[in-house]
Amino acid sequence: MIARARILLELDEASGPASDRRVIAERVGVSEGTVYLVAKRFTESAGNVDEVIGRRKRASPPVPAKVTGDVEARVIALACTKPPEGFDRWSLRLLEKHVLLTDGLPPLDHSTIGRTLKKGGFVLI
């Protein structure tokens, strides 16, 4: 934020003509491209300084999370059940296979299942 504000102050022509983009970049300690992008964003925002200096808020996360609270609870509940016949205990790969067969659960990788169990404080014994 400080660097963008300093760039805008350097680009201000109220006290005279603005310096070259290269000179402003050296004074502020950023690249010439950053000076260009700040100036471009200032003109696109019709001179709204707060919009240029502040950070943009994301409308949504880049990728929706596969593991929601419901999915997490169902995976932990599955891990708490008795393992299938022929197995002494659950393994992450075995849980992965059973998650694929369970209706209403998205396909999860064994490493995702492991992180989910660890986050929930559950340990496979």
Side-chain angles (χ1 to χ4, degrees):
M1 281 178 74
I2 294 171
R4 289 189 292 267
R6 288 183 59 203
I7 290 170
L8 287 178
L9 286 173
E10 292 286 337
L11 289 171
D12 186 19
E13 294 182 341
S15 61
S19 300
D20 186 41
R21 194 183 309 162
R22 181 182 49 78
V23 174
I24 293 173
E26 288 176 6
R27 283 185 194 159
V28 178
V30 295
S31 68
E32 290 181 49
T34 302
V35 175
Y36 170 76
L37 290 174
V38 169
K40 179 181 174 188
R41 191 166 169 198
F42 182 75
T43 56
E44 289 173 351
S45 68
N48 186 350
V49 175
D50 292 329
E51 189 175 318
V52 177
I53 292 176
R55 290 181 163 223
R56 294 181 188 172
K57 297 288 181 190
R58 240 181 232 239
S60 64
V63 177
K66 279 186 177 180
V67 182
T68 60
D70 178 52
V71 172
E72 182 179 341
R74 292 184 66 189
V75 167
I76 291 174
L78 180 63
C80 288
T81 62
K82 186 177 178 191
E85 198 170 314
F87 295 94
D88 293 332
R89 63 184 183 87
W90 284 105
S91 68
L92 292 179
R93 298 212 186 252
L94 185 60
L95 280 170
E96 178 183 11
K97 290 177 186 175
H98 279 270
V99 164
L100 287 174
L101 299 173
T102 306
D103 290 335
L105 284 178
L108 299 173
D109 185 56
H110 65 277
S111 60
T112 304
I113 293 171
R115 281 192 304 271
T116 302
L117 295 175
K118 184 176 181 181
K119 179 182 168 193
F122 186 84
V123 179
L124 290 176
I125 298 174

Might you point out which heavy atoms bring [X] and [Y] nearest each other, and give the distance in Å?
{"X": "Ser91", "Y": "Leu124", "value": "C-CD1, 4.1 Å"}
{"X": "Ala25", "Y": "Glu32", "value": "CB-N, 3.8 Å"}
{"X": "Pro83", "Y": "Asp88", "value": "CG-O, 3.6 Å"}
{"X": "Pro106", "Y": "Val99", "value": "O-CG1, 3.5 Å"}
{"X": "Leu105", "Y": "Arg74", "value": "CD2-CB, 3.9 Å"}
{"X": "Ile113", "Y": "Glu96", "value": "CD1-CA, 3.5 Å"}

Polar side-chain atom of Arg41 near backbone of Glu51 as donor-acceptor pair, under 3.5 Å:
yes
Do Arg6 side-chain atoms and Gly29 backbone N/O form a donor-acceptor pair below 3.5 Å?
no
Value for CZ (Arg27) from CD1 (Ile7), rounded to nearest 0.5 Å, stands at 12.5 Å
Distance col, row Glu72:CD vs Thr116:OG1, nearest 0.5 angstrom, shows 6.0 Å
| message | Quick one about Asp109 and Ser111 (side-chain donor to acceptor, distance below 3.5 Å, no hydrogens or angles considered), yes or no? | response | yes
[Y] and [X], any side-chain heavy atoms less than 4.5 Å apart:
{"X": "Trp90", "Y": "Thr81", "result": "yes"}
{"X": "Leu108", "Y": "Leu95", "result": "no"}
{"X": "Val35", "Y": "Val28", "result": "no"}
{"X": "Thr112", "Y": "Lys66", "result": "no"}
{"X": "Val123", "Y": "Leu117", "result": "no"}

Is the count of non-hydrogen atoms from other residues, nucleotides or ligands lying under 6.0 Å from Tyr36 atom OH greater than 12?
-> no
Would you say CG of Leu101 has more than 12 non-hydrogen atoms from neighbouring residues, nucleotides or ligands within 6.0 angstrom? yes
Identify whether [X] and [Y] are in the same connected component of the hydrophobic contact network (ILVMFWY, side-chain heavy atoms under 4.5 Å).
{"X": "Phe42", "Y": "Met1", "result": "yes"}
{"X": "Ile24", "Y": "Val49", "result": "yes"}
{"X": "Leu94", "Y": "Phe122", "result": "yes"}
{"X": "Leu37", "Y": "Ile2", "result": "no"}

Closer than 4.0 angstrom, basic N to acidic O: yes or no for Arg22 and Glu26?
yes
